[in-house]
Structures are given as structure tokens and as C-alpha cells.
Amino acid sequence: IFLFLRQFGNNVAKFILSIGPQTTKEKGIFQIDLEDDAVQNMLISYAGEARYPDKITPYNIPPPPSKAADEVIELTDEELLMEANEKQRADFVKNAGVASLVAVALVTFGYTSGDSPASISLMATFALAGLAGYQVVWGVAPALHSPLMAVTNAISGMTAVGGMLLLAQGASESTGIIPDSPAHWMGAIATALSFVNIVGGFLITGKMLDLFRRPEDPKDYFELYAIPSALLLAGLGGTYYVGGNLENVSGSVAIAAAVCAISAIAGLADQRSARTGNFLGMAGVTYGLAATAADMSIAGATPAAFQQVGLLGGLGAAVGAGLASKVGPTELPQTVAAFHSLVGIAAMAGAAGEYLGNVGDLDAGTLSAIYLAVFIGAITFTGSIVAFTKLSGIASSKALSLPGRDQLNLAMVSTIALGMAAFLNPSLGSSLGIDSLDAESLQLSSLVLDALVSSILGFHLVASIGGPDMPVVVTVLNSYSGWALVAEGFLLGNPLLCQVGALIGFSGAILTWIMCEAMGRNIASVIFGGAGTVAPASGEAAVMEGEITIGSVDNLMESLLEAKTIMIVPGYGLAVAQAQFALADVAKKLTGMGKKVRFGIHPVAGRMPGQLNVLLAEANVPYDMVFEMDEVNDDFEDTDVTIVIGASDTVSSAAEDDPNCSIYGMPVLRVWKSKLVFVSKRTIGNTGYAGMENPILYKDNVEVVLGDAHDTCEALRSAL
């Protein structure tokens, strides 16, 4: 009875409000709207005159609108065949174009590789590993995209290979714990930072995957995998002690490392095998480091070099473990971006150290790889720093828009290309009017120029991308870290780095493609810092019509009790408020009442792919209640109540209706098509990450529940 009376009173209050400004949409003006059927039927007197019964127009239910029959165009068999042929031809043209580019690249590589069969072998390794990585990445479930990025980020810590080999290079018995040359210092930096990435990345991945684990899941017996690992590593160590062919056995262990790295990605295709994938990733990196230790021994490393690796690795591991212990699902995006920056520095240090340790003894192919490794590493470093500051709220999420943006980028790329020409052929110095520098000085100056200009380019590219596109930027940087590994693999002649780098590079590229498709963004524009894009149309922004209806937790609860189908759409605000646990309990209670409850997740909800899936897993939300945008977007019209918590841009109707807004064209969850929508917001003026107000707040079927999302969900849980 109490609930009935409260609901009746609530309906009466809503009706009284609807008589005036909420119906006429005139803010601050109260007037009787006799054009409203409900008002004119219920109002029995007006302005001192009786309206009942003569002045009340009986309400007649209008006939349902007739649906215009869709015009069906039947094609003849010949027309169908012609249409199929055109589509087939378009596909063949596209594939032929890609194949032609690959053919030109392979011929160019073969022509420029000189008399180095090892380079051809490395290219074959790179191509096959890239193909394998391409195939397995497509199988990764969208819910596991965040763990995928974390585990590939950890594997990219294989830049430690370059640092370890640098520490072994040119070491003598007099060498102490402290590095004694610029090359050794570069190796020390690369080794320490890489171990931060390795340990921190795998621990974060493990924490995320543990959130997906359920009490009913069968037990894992990973300790049994210690048997093959022990056999492999014992065989490597035994070969060293008995004086066998250490180089061959080391290469075999490196193959095992590459296979485990690829299998790690394949394991992330499903929640049930994801933890096995993380374990295989750790095994792969362990095998790779063990094989590198053997290569150090072959290169004549002294005990001091191994001690340096142990100390630097232990220091980096301790820092990585400390950072990982403080990271939760909310801090995940900025942490991954920060770790990417470490990969960039490590790649730069490894490449610079290789040059400094072998000045004058490097062929054109190795010099090219060094220059490209510094180029990619520098862009990854500064770009990741900018992404970190934007994702963590240190810097504004707005895109930097300098005059002549594209021209600035082109000028920097041209400068880098000119520097590469001088680096490969110092004799060009006289042509450039630089006669005062000898060949070695010109090469070193060109490499420094490469590092500086590439760092500025990386900063400008990412700073020129706005907040809504940051999830894509994170995947792009993930891909860059892989290509930096590939470049380092070519300069060291190391197949393992080429294999692992190709795996990471292609995985990041595929995720970037998926994210751009989900956001309706041009992939080339995102990669090149908004190149070719223009500011939104200069027309006026869409005017918000009507008034915002303020709801309450009581209204929400009553609507949920009446509803049969419920959709919950979370966003990054849910992570900030830490409301996922209370929300999960609400969903559980409603499901127990026999209601159909689902969660709808936008591909870029949060600050990186899959972040909201991890957040809901943390709160023990069942997998079968969580759906991707494409799976539920057509179901909103049949949904009784939709709850939006912490999401704004991903549910904004402006993406479809307002060509002048910054997110126009981005696919969004069409929550406004539900029968009733409740939006939880801290304040009315609070905007989304794109910095714009959401027009759905002004729609008649939308009520805004003000307050902290955590408090709102807790109150709703208590009320239910």
C-alpha cells in the first residue's frame, strides 16, 4: 500500500509539473497548456469558469500510424551477378594494391640489404611472425582487450635483450659494477627500464585476469608447467657447462620464447584460457632473457656484466612490482601509457648504445635500423608522456591546434629524413654546407637531431589529438612499441626481437583499426595527429530545447520495479566513483526479481579498450550479462528502463544529430530510444571527455538523478 501511494503521489506531482513549463518548453514561465490532451481532459475549471462537461473535448485514441511499405526492388539474375562481380572486383583491386606495395617493399629491401643473407632471414622471420600475430589477435575477445594491451606491453620489455647485449659488449676483466662507457650506460638504462615494464606489465595483467575468475571456475595447475620450463632452461645451462654448441641451443630456446609469446596472445581469446595466456607470456619472456644470457656468454661477457644485469634487473623489477601494486582498473589506461614511454626510452638507449659502441664499423643496413629505432622510440616516448598526462587529468583533454599543424609535422618529418640521409652518407655534409664536421661528428649530430626532432614530433602528434580519441592513441602507441622492437631486432640481427616486435606491432595496429571503426574515425588521421582534418563546421552548435527533468532514486526504483527489461550503460565515471560493486548488487537483485538485466558496453567506454569489462569483472558481474554495443544497440526501443552511469560522449545523440559537434559520426549507444532513461550525474554542467553537453538530458523520456554515482547506487541498492 505504501509503495502504491508513493507511486500515485509521484505520478500526480509529475502531472502537475507537465501542465506548465515542462510541456510548453518555456523556461521560467508557468502557463496552462490547453493543447495538451491530458491537461484539457483533467482540468474541470479555468479562470473562474467551469469547463466540465461542455468545454472538455473527449479524447479519442488516434489510429496507429500506417507504416509505409518498404519499397522492395527485385533484381534480375543478371543484375545480381553484375553486383557480385563489382564487389569482387573491388576486393581484388584492394588486395592487388596491397600486394603491390609489399612486393615493392620486399624488392627494395633485398636490393639495399647488400651481401647480408642474415637480413633476408630476419625479414622472413618478421613476416611469418607478423602473419601469425595477425591471425591470433583477431580472435581476442573485446572484453579482454585491456589485458591484451597489458600483456603485449609486458612482452615489449624484451628491449632488455638489447641492453643486456650492450653490457656484454667490449667488457673487460677490469670492468666493475659501474658502467665504464657511453655504450654501457645506454645498455644499463635500457635494461633497468625494460625490467620495470616486464614485471609491472605481467603483474597488472595477472591482477586484471584474476578479476574475471569466478568461484565455480576449475582450478589451474600452472605449477605443472614448471617441468617443461625446467627441462628447457636446464638444457641451456647444461650445454654451457659441458661445452656444447651453446649458440644452437640458445637459438632453440629463443624459438620457444617466440612460440610462447604468440601463444600468449592466442590464450586471450577467451576468459577461460586468458590466465594461461598470461603465464605463457611470462614463460616466453623468461626464455628470451635466458637465451640472451647465453648470447652474452658467447660474446665474452665478464662476471661483472652479469652482475650488472642482475642488479639492474632486480632494481627495475622492484620498481615495476611497486607500481603494479598501486594500479587498479581505474588507473589502468594512464599506467599502460606510462609503461609505453619506458619502452620508447629503452629502444632509443639500445639503438644509441649500439652506435656508440661500434662507431665506424657499421654497415648501411645496421645504421638504418639504428636511426629508425631512435625515431620510433622517441615518438613513442614523448607521445606516451602526453597520453599519460591527458588520461590522468594532468593536462587538458582538448586537442592542441597550432596554426599550420600538418605543415609543421611535414617539416619535422622532412628534417628527420634529411638527417637520416646524412647519417647514412656523411659525405653529403659538404652538399649541405656542413664542412666543419668530420664524418663521425656529422653522424652523431644527425642521430641527436633525430632524437630531438622525433621527440617533438611525438609530442605534437599526440597533443593534436583530442580526448575522445585517446583510447585509439593508446593502441597506436602499443603498436609503436612493437615496431621499435622490430627495428632493434634488425640492428642487432636478433630474430627473437623481430618476432616479438612483429607480434606486438600487428596486435596494436589491429586494435587501432577496431577502435577507429567503432568510433567512426579515420585511422590515418589519428596516427598522424589529426592530419587532413579540419575543425568542426563553423555553424552554430545545436540549441538545447526544453528543460532537464530532475529525477530521484525513488523515481528510479519505482520505474525499475515496474520494468521488465533493463539496460545498464556504464562509463568512465563509474570507475572514478568506484560504484561498480553497488551497481552489481542492484543488477543481481533485479535479476532475482525475474527482470531481464543487461549491461551495454561501448568499445571505447573508459580510457582504453576493454576497461569497463575489467571494472565489471572486478564486481563479479556475470559474463553473460555484459554485451558489446553492436549486440544491444537495436534493442533499446524494446527496453523499458535504461540506466546511464558515468557515460556521456558514448551515449550522446549529438554524434548522430549535430554536424558541428566534435564527436559527430562516432557510433554511440542509442539509449534515448528506450521508454525511460535515468542518467546519473554529479552536476548538470558536468560535461563528458569531449567537453560538450549531452542533448539527451533534455529529452522528455530522460530524467537526471543528481549526485555522486557511488551514493546513488548505494541508495538504490538499499531501496531495493
Side-chain angles (χ1 to χ4, degrees), residues 25 65 67-68 70 142 397 399 465-472 513-523 525-526 530 533-549 567-573 598-606 609 612 627-681 684 686-704:
K25 310 301 182 185
K67 294 184 178 179
D70 295 332
S397 63
I465 299 174
D469 290 330
M470 274 300 112
V472 185
W513 174 269
I514 293 172
M515 291 300 101
C516 285
E517 288 291 304
M519 298 177 66
R521 293 293 191 258
N522 182 288
I523 187 170
S525 173
V526 174
T533 61
V534 295
S538 58
E540 294 183 1
V543 178
M544 304 296 178
E545 297 182 354
E547 288 191 346
I548 295 175
T549 303
M567 189 80 71
I568 302 174
V569 179
Y572 183 68
R598 292 181 292 174
F599 287 81
I601 307 295
H602 194 281
V604 293
L612 265 295
F627 296 85
E628 300 300 316
M629 178 180 70
D630 293 339
E631 297 176 305
V632 298
N633 225 7
D634 294 333
D635 298 341
F636 282 108
E637 292 183 1
D638 300 321
T639 301
D640 295 326
V641 176
T642 291
I643 308 173
V644 178
I645 299 183
S648 182
D649 301 331
T650 55
V651 297
S652 176
S653 58
E656 296 186 354
D657 304 334
D658 184 6
N660 297 321
C661 80
S662 61
I663 61 172
Y664 182 70
M666 183 178 88
V668 293
L669 286 153
R670 301 186 184 97
V671 298
W672 61 89
K673 292 191 174 183
S674 304
K675 296 180 178 65
L676 189 59
V677 183
F678 288 88
V679 180
S680 173
K681 288 184 68 68
I684 291 295
N686 191 23
T687 62
Y689 203 40
M692 55 168 290
E693 194 170 13
N694 194 337
I696 71 167
L697 303 181
Y698 294 84
K699 294 185 180 294
D700 293 335
N701 63 329
V702 177
E703 293 187 22
V704 177

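Starting from 1, each residue takes its place in the sequence as its number. Only this structure's heavy atoms are used, side chains among them; waters, hydrogens and symmetry mates stay out.
Distance CG/Asp638 to NZ/Lys673: 11.5 Å, rounded to 0.5 Å. One finds the CG atom of Asp700 at 15.5 Å from the CH2 atom of Trp672 (value rounded to the nearest 0.5 Å). Annotation: the span from Asp640 atom CG to Lys675 atom NZ amounts to 5.0 Å, rounded to 0.5 Å. One distance of note links OH of Tyr698 with CD1 of Ile548; it measures 4.0 Å at 0.5 Å rounding. Note that the CD1 atom of Ile696 and the OG atom of Ser648 stand 7.5 Å from one another [nearest 0.5 Å]. Once rounded to the nearest 0.5 Å, the distance linking CD1 of Ile643 with CD1 of Ile568 reads 5.0 Å.
Contact detail for Tyr572 and Leu612: the closest heavy-atom pair is N-CD2, 4.3 Å. Closest approach of Ser652 and Asn694 over heavy atoms only: CA-OD1, 3.3 Å. Residue Val632 comes nearest to Arg598 through the heavy atom pair CG1-NH1, 4.0 Å, listed as atom of the first residue, atom of the second, then distance. Residues Lys681 and Val704 come closest through the heavy atom pair CB-CG1, 4.2 Å. The heavy-atom pair separating Val668 from Thr650 by the smallest distance is CB-O, 3.3 Å.
Looking only at distances, no side-chain donor or acceptor of His602 sits under 3.5 Å from a matching main-chain atom of Val569.
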TODO: Go through the steps to decide whether Phe636 and Leu669 satisfy the test side-chain contact (heavy atoms from CB on, under 4.5 Å), and finish with yes or no.
DONE: CA-CA 9 Å; Phe636 282 108; Leu669 286 153; 3.9 Å; yes

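Looking at heavy atoms from C-beta onward, Val641 lies in side-chain contact with Phe678 at the 4.5 angstrom threshold.
Between the side chains of Thr642 and Ser674, at least one donor-acceptor pair of N or O atoms lies under 3.5 Å.
Residues passing the side-chain contact (heavy atoms from CB on, under 4.5 Å) test with Asn701, sequence neighbours excluded: Val677, Lys699. Taking the side-chain hydrogen bond (donor to acceptor under 3.5 Å, both in side chains) definition, one finds that Glu656 meets it with Arg670, sequence neighbours left out. With sequence neighbours left out, the side-chain hydrogen bond (donor to acceptor under 3.5 Å, both in side chains) criterion links Asn633 to no other residue.
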